[in-house]
Amino acid sequence: MRLASLMLLGGLARAWVPASRRLSAGPNAAAAARRRRSRLRRQSLAELPGLIDLGAFDRPALEAYVTEELKAPKFRAKQIHEWIYDKGVHDFDAMSNLPKKFRDDLKARGATVGGTIAKLRVEQVSQRDGTIKRAYEFRDGSVVESVLMPYEDGRRTACISSQAGCGMGCTFCATGQMGLTRHLTAAEIFEQAARFSRELSARGERLSNVVFMGMGEPLANYKNVMAAARRINDELGVGARHITISTVGLARGIGKLAEDPLQVTLAVSLHQATDAARSAIMPVNDRYDLETLLGAVRDYQAATRRRVTFEWAAIAGENDDVDAARTLGALLKKHGIRDAHVNVIPLNPTKGYGGKRAKNGAVDRFCKTLETEFGVSATPRVRRGIDIDAGCGQLTTSVLEDASEDAAS
């Protein structure tokens with residue numbers, strides 16, 4: 001089998017190229033080459049000789065691989081897809097409606113499901129609420145964390161990472177304290193959600209929501225994030241409105257999102273309502289101040305007619321009192337932000353930040369002030385997975401250090 005190589009962040013990735021795209025001659029050669037490079041970027045595979053990760057293929061690429069490379073009927077691709085995503089099966093031998101010869105051929109060619117992730121390094125389960133946190137290692141050694149949150153009403157929400165580390169430098173966020181290692185590929189992002197989805201499907205449940213609130217700034221890795229989001233919508237069956245893209249406030253990325261046909265939900269990490277206070281904890285505010293950011297949000301709403309969520313980490317004595325709520329309400333009113341919801345999250349502790357979580361009473365008063373005085377919807381957000389550092393702003397690969405220490409003791 002012929003492989004085409006593509007240099008990506010993190011090393012040399014190998015991707016299978018459909019035969020129909022291997023030759024580009026004639027007047028449309030340049031356009032064909034651009035499409036081929038685009039396909040390679042989307043379908044890039046992990047760096048492992050002979051590895052073909054079927055989980056890294058979208059539907060058209062899987063069909064092309066089955067028909068062109070394996071010389072099998074197109075419906076075999078549909079069968080494989082149903083086994084992986086509808087039934088949660090990733091062992092070819094268990095795919096009983098596939099001929100044994102076909103299954104053997106897949107294995108002989110090095111095909112796998114989920115091989116984009118090299119291995120699961122650590123898994124922790126919250127004893128309080130059943131939240132699951134995992135540390136995954138990719139083929140180049142980069143590690144990210146992903147979280148699955150079960151709710152009593154039946155929702156199953158995956159919180160996934162878009163980068164290894166983060167370059168935004170938010171002082172209260174454990175990931176921001178790490179710094180950025182690299183962007184994740186679309187396949188690496190998608191596989192985090194796909195693994196949770198397969199496991200849930202295997203026990204008769206389904207992945208209902210996906211939030212891009214794990215490690216990294218999603219809008220800084222826009223193309224790969226949106227490619228993964230489309231696959232989550234199309235292949236995992238998660239509704240677009242149930243996919244949330246979070247940002248610290250990259251105004252240009254918000255502008256792109258306004259033009260994207262996939263109708264995802266936008267969440268903006270705000271946390272302070274004056275430039276001086278916000279810049280002190282979120283360096284991105286020096287680049288996109290509140291006027292620029294909220295202008296982009298206003299334009300986004302004008303273009304999409306969709307509600308925007310603002311995230312507010314409530315820090316005791318810093319931004320959790322009635323005056324802070326009034327400053328926020330006045331800010332949203334000044335910039336014409338009409339249809340918005342504020343999620344107030346008592347600060348989750350991290351080792352690198354000395355702030356304390358706001359008390360429940362203060363959070364309730366904050367929310368009530370926004371609602372009664374400004375008509376802004378606001379609710380306290382339930383803190384989940386706190387006992388395993390799986391809460392908002394807590395994701396960091398330090399879990400590996402902790403596991404190593406436990407093993408050595």
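Here, residue 1 is the first one in the sequence, and each next residue gets the next number.
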| To the nearest 0.5 Å, how far apart are CE in Met168 and OG1 in Thr247? | 8.0 Å
| request: Assess Arg231 against Phe190: is NZ or CZ under 6.0 Å from the centre of the six-membered ring, and within 45 degrees of the ring's axis? | output: yes
| message | Using every non-hydrogen atom in the two residues, find where Val143 and Arg121 come nearest and quote the distance to one decimal. | response | CG2-NH1, 4.0 Å
| remark: Between Ala303 and Ala258, the two heavy atoms sitting closest are CB-CB, 4.2 Å
| Test item: Arg103 side-chain N/O and Asp93 main-chain N/O as donor-acceptor pair under 3.5 Å | yes
| Which pair of non-hydrogen atoms, one from Ala267 and one from Met213, has the smallest distance, and what is that distance? | CB-CE, 3.9 Å
| Does Glu188 reach the main-chain N or O of Thr185 with its side chain, forming a donor-acceptor pair under 3.5 Å? | yes
| Under the side chain to side chain donor-acceptor pair (under 3.5 Å) test, which residues partner Asn233, sequence neighbours left out? | none
| task | Assess whether atom CZ of Arg59 is packed by more than 12 heavy atoms of other residues, nucleotides or ligands within 6.0 Å. | result | yes
| query | Would you say the ring centroid of Trp312 lies under 6.0 angstrom from that of Phe366? | reply | yes
| side chain to side chain contact (heavy atoms under 4.5 Å, CB included) evaluation trace for Ile84 with Arg198 | CA-CA 7 Å; Ile84 295 173; Arg198 290 197 295 268; 3.6 Å; yes
| task | Report yes if the side chains of Leu270 and Arg278 come closer than 4.5 Å at any heavy-atom pair, otherwise no. | result | yes
| message | Could you report the tightest heavy-atom contact between Leu62 and Ala77, atom names first, then the distance? | response | CD2-O, 3.6 Å
| request: Walk me through it: do Thr379 and His341 pass the test side chain to side chain donor-acceptor pair (under 3.5 Å)? | output: CA-CA 8 Å; Thr379 54; His341 179 80; 2.9 Å; yes
| Side chain proximity check, Ile232 to Phe212, heavy atoms < 4.5 angstrom | yes
| request: Decide side chain to side chain contact (heavy atoms under 4.5 Å, CB included) for Asn343 and Phe310; before the verdict, give the C-alpha distance in whole Å, the side-chain angles of both, and the deciding distance to 0.1 Å. | output: CA-CA 6 Å; Asn343 266 332; Phe310 291 101; over 6 Å; no
| message | Please check: side-chain N/O of Asn319 versus main-chain N/O of Ala313, any donor-acceptor pairing under 3.5 Å? | response | yes
| request: Assess whether salt bridge (charged side-chain N to carboxylate O under 4.0 Å, His left out) is satisfied between Lys133 and Glu145, documenting all intermediate values. | output: CA-CA 7 Å; Lys133 182 173 77 168; Glu145 292 187 347; 3.6 Å; yes
| said: Using a 3.5 Å distance criterion without hydrogens, assess whether the side chain of Ser126 forms a donor-acceptor pair with backbone atoms of Thr131. | reply: no
| Would Lys359 and Asp364 satisfy salt bridge (charged side-chain N to carboxylate O under 4.0 Å, His left out), going step by step from the backbone distance to the final call? | CA-CA 9 Å; Lys359 294 183 179 180; Asp364 290 340; over 6 Å; no
| message | Are there over 12 heavy-atom neighbours, none belonging to Lys107, within less than 6.0 Å of that residue's NZ? | response | yes
| field | Residues Thr112 and Asp53: side-chain donor-acceptor under 3.5 angstrom | value | no
| Neighbour count above 12 (heavy atom, 6.0 Å) for Arg287 CZ | no
| request: Work out which heavy atom in Ala164 is nearest to a heavy atom in Leu180; give both atom names and the distance. | output: O-CD1, 3.6 Å
| field | Flag, side chain of Arg298 to backbone of His335, donor-acceptor distance under 3.5 Å | value | yes
| field | Option from Arg134, Lys87, Arg156 for which salt bridge (Lys or Arg N to Asp or Glu O under 4.0 Å) with Glu199 holds | value | Arg134
| message | Tell me if a side-chain donor or acceptor on Thr175 pairs with a main-chain N or O of Cys166 at a distance below 3.5 Å. | response | no
| message | With heavy-atom distances below 4.5 Å as the criterion, would you say the side chains of Ile315 and Lys356 are in contact? | response | no
| Inter-residue atom distance Ile243.CD1 - Leu266.CG, 0.5 Å rounding | 13.5 Å
| Side-chain donor/acceptor of Arg306 to backbone N/O of Val264, under 3.5 Å | yes
| request: Answer yes or no: is there a donor N or O on one side and an acceptor on the other, between the side chain of Asn224 and the main chain of Leu184, under 3.5 Å? | output: yes
| field | Non-hydrogen atoms of Leu70 and Asp105 that approach each other most closely | value | CD2-OD2, 3.7 Å
| task | Find the distance between CD (Gln79) and CG (Leu98) and round it off to the nearest 0.5 Å. | result | 5.5 Å
| query | Is any side-chain heavy atom of Ile281 less than 4.5 Å from a side-chain heavy atom of Tyr353? | reply | yes
| Ile245 CD1 to Thr265 OG1 distance, which is reported to the nearest 0.5 Å | 9.0 Å
| message | Does any part of the side chain of Pro380, heavy atoms only, come nearer than 4.5 Å to the side chain of Cys367, both counted from C-beta? | response | yes
| task | Begin from the C-alpha positions of Arg230 and Asp58 and carry the test salt bridge (charged side-chain N to carboxylate O under 4.0 Å, His left out) through to its verdict. | result | CA-CA 10 Å; Arg230 289 185 183 89; Asp58 61 13; over 6 Å; no
| task | Go through the side-chain N and O atoms of Arg338 and Gln301 and say whether any donor and acceptor fall under 3.5 Å apart. | result | no
| Is atom CZ of Arg203 surrounded by more than 12 heavy atoms (other residues, nucleotides or ligands) closer than 6.0 Å? | yes
| Do any pairs count as a ring-ring contact (aromatic ring centres under 6.0 Å, His included) and have a residue in residues 105-146, sequence neighbours left out, and if so which ones? | none
| task | Start with the C-alpha distance between Trp83 and His90, add both sets of side-chain angles, then the distance that settles side chain to side chain contact (heavy atoms under 4.5 Å, CB included), and finish with yes or no. | result | CA-CA 7 Å; Trp83 279 110; His90 54 85; over 6 Å; no
| said: I'd like to know whether Leu148 forms a side chain to side chain contact (heavy atoms under 4.5 Å, CB included) with Thr157, so could you lay out the CA-CA distance, the side-chain angles of the two residues, the decisive distance to 0.1 Å, and finally the verdict. | reply: CA-CA 6 Å; Leu148 180 67; Thr157 298; 6.0 Å; no
| If only atom types and distance count, is the side chain of Glu191 paired as donor or acceptor with the main-chain N or O of Ile117 below 3.5 Å? | no
| request: Report the distance from atom OG of Ser279 to atom CG of Asp286, rounding to the nearest 0.5 Å. | output: 4.0 Å
| CG on Leu370 to CG on Leu332, rounded to 0.5 Å | 7.5 Å
| request: For residues Arg381 and Glu311, determine if any side-chain heavy atom of one lies less than 4.5 Å from a side-chain heavy atom of the other. | output: yes
| query | Looking only at atom types and distance, does a side-chain atom of Asp320 sit under 3.5 Å from a main-chain N or O of Val363, one as donor and one as acceptor? | reply | no
| request: State, yes or no, whether a side-chain contact exists between Glu235 and His81 at a heavy-atom distance under 4.5 Å. | output: yes
| request: Please work out whether the ring planes of His271 and Phe172 are parallel, tilted or perpendicular, with thresholds of 30° and 60°. | output: perpendicular
| query | Just by distance, with hydrogens left out, do Ser142 and Arg182 show a side-chain donor and acceptor under 3.5 Å apart? | reply | yes
| query | So do the side chains of Met95 and Val89 get within less than 4.5 Å of each other, counting heavy atoms only? | reply | yes
| said: Tell me if the CD atom of Glu291 is crowded by more than 12 foreign heavy atoms within 6.0 Å. | reply: no
